[in-house]
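Only one structure is covered here, and it is reproduced in the block below.
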Amino acid sequence: MPPIYEFNRALVRTPGASVVGGLRAVDRGAPTREGVQRELDNCVKAFAEAGVDVETLPVLEEFPDSVFVEDTALVFPEGAIVLRPGAVTRLGEAVAMAPVLRRHFAQVLDLTDGFVEGGDVLSTSRTVIIGLSARTNEAGALAVRDLLEQLGRKTAIVTTPEDVLHFKTDCSLLDEETILSTERLAASGVFKGYRVVLTPSGEEAAANALRVNDRVLVGTDFPRTADRLSSAGYRVTPLPSSQIALLDAGFSCLSLRWLAVPQG
Ligand code: CIR
């Protein structure tokens, strides 16, 4: 089986003017539409350089957070699951994503109970880890577990630390065995059996990095994390992320990515 961080397809969505009013837990100022667009463009370029074919979806002006497509679905080589984001203003984003996924995947399953956002889901080759949070509830997690079983994937349901938006706000996959995590999340014991690289103190926000094929996208604001990853042998691609950070987002949020395997 190819590694779970090997991708050849990705979906992203152009941010609308409404992105300046995106959800945020603490208001540290609004990003600009141009700023968010620039950070997305850099990401798309890095994906292309890594050999990923990226489709850009049109603006959904009525949904300020719709640039964060990761929260709408789970995607795997074997099929996709359309989620139900727990933020009321975001539910319609998943509805809009469903027909796009049906174009790309032979098998698309729909979550019909509870709420789950993709930011709460960390997929490793062994297990799909779902973190319960203010956006992802138990009913949703249990229903997604049943859908994942249909796709042949095992699930572990865990808890996201309090006051953390998403499970993946605090962690990301570095390779099949290794997770980049904040100390507070790793301390909860959820990564038993994995190797863990901790984000340096003061750079917790670097944890939402993104492994894409042979490289790891890391925010330029986090030089100590980049050094730590480079020393551990990872090829680091530093990219600016301060605009999306104003909306509590990191690199994983901006795309849905998967390995499309030729059928038959
Ligand atoms: C939200 O609060 O829903 C957005 N402002 C940020 C979503 C970030 N998505 C992610 O971590 N997967």
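In listed order, ligands and their atoms are each counted from 1.
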Enumerate donor-acceptor pairs with a distance under 3.5 Å from any side-chain N or O in residues 147-156 to protein atoms, sequence neighbours excluded.
residue	atom	partner	partner atom	Å
Arg153	NE	Glu78	OE2	2.4
Arg153	NH2	Glu78	OE1	3.3
Arg153	NH2	Glu78	OE2	3.0

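- In terms of the side-chain contact (heavy atoms from CB on, under 4.5 Å) criterion, residue partners of Phe115 (sequence neighbours excluded) are, by chain and number, Arg84, Leu91, Asn137.
- Evaluation of the salt bridge (charged side-chain N to carboxylate O under 4.0 Å, His left out) test over residues 29-38, restricted to residues two or more places apart or in two chains, returns none.
- A side-chain donor-acceptor contact under 3.5 Å links Ser252 and Glu70.
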Run through all N or O atoms in ligand 1 and write down each protein N or O closer than 3.5 Å, as a pair with its distance.
residue	atom	partner	partner atom	Å
ligand 1	2 (O)	Arg135	NH2	2.9
ligand 1	3 (O)	Arg90	NH1	2.8
ligand 1	3 (O)	Arg135	NH1	2.9
ligand 1	3 (O)	Arg135	NH2	3.4
ligand 1	5 (N)	Leu23	O	2.8
ligand 1	5 (N)	Asp65	OD1	2.8
ligand 1	5 (N)	Leu247	O	2.8
ligand 1	9 (N)	Asp71	OD2	2.8
ligand 1	11 (O)	His166	ND1	3.0
ligand 1	12 (N)	Glu70	OE1	2.8
ligand 1	12 (N)	Asp71	OD1	2.9
ligand 1	12 (N)	Asp71	OD2	3.4

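- In this structure, CG in Leu109 is found 5.0 Å from CD in Gln107, a value given to the nearest 0.5 Å.
- Taking the six-membered ring where tryptophan is involved, the planes of Trp258 and Phe105 are tilted, since the angle between them lies from 30° to 60°.
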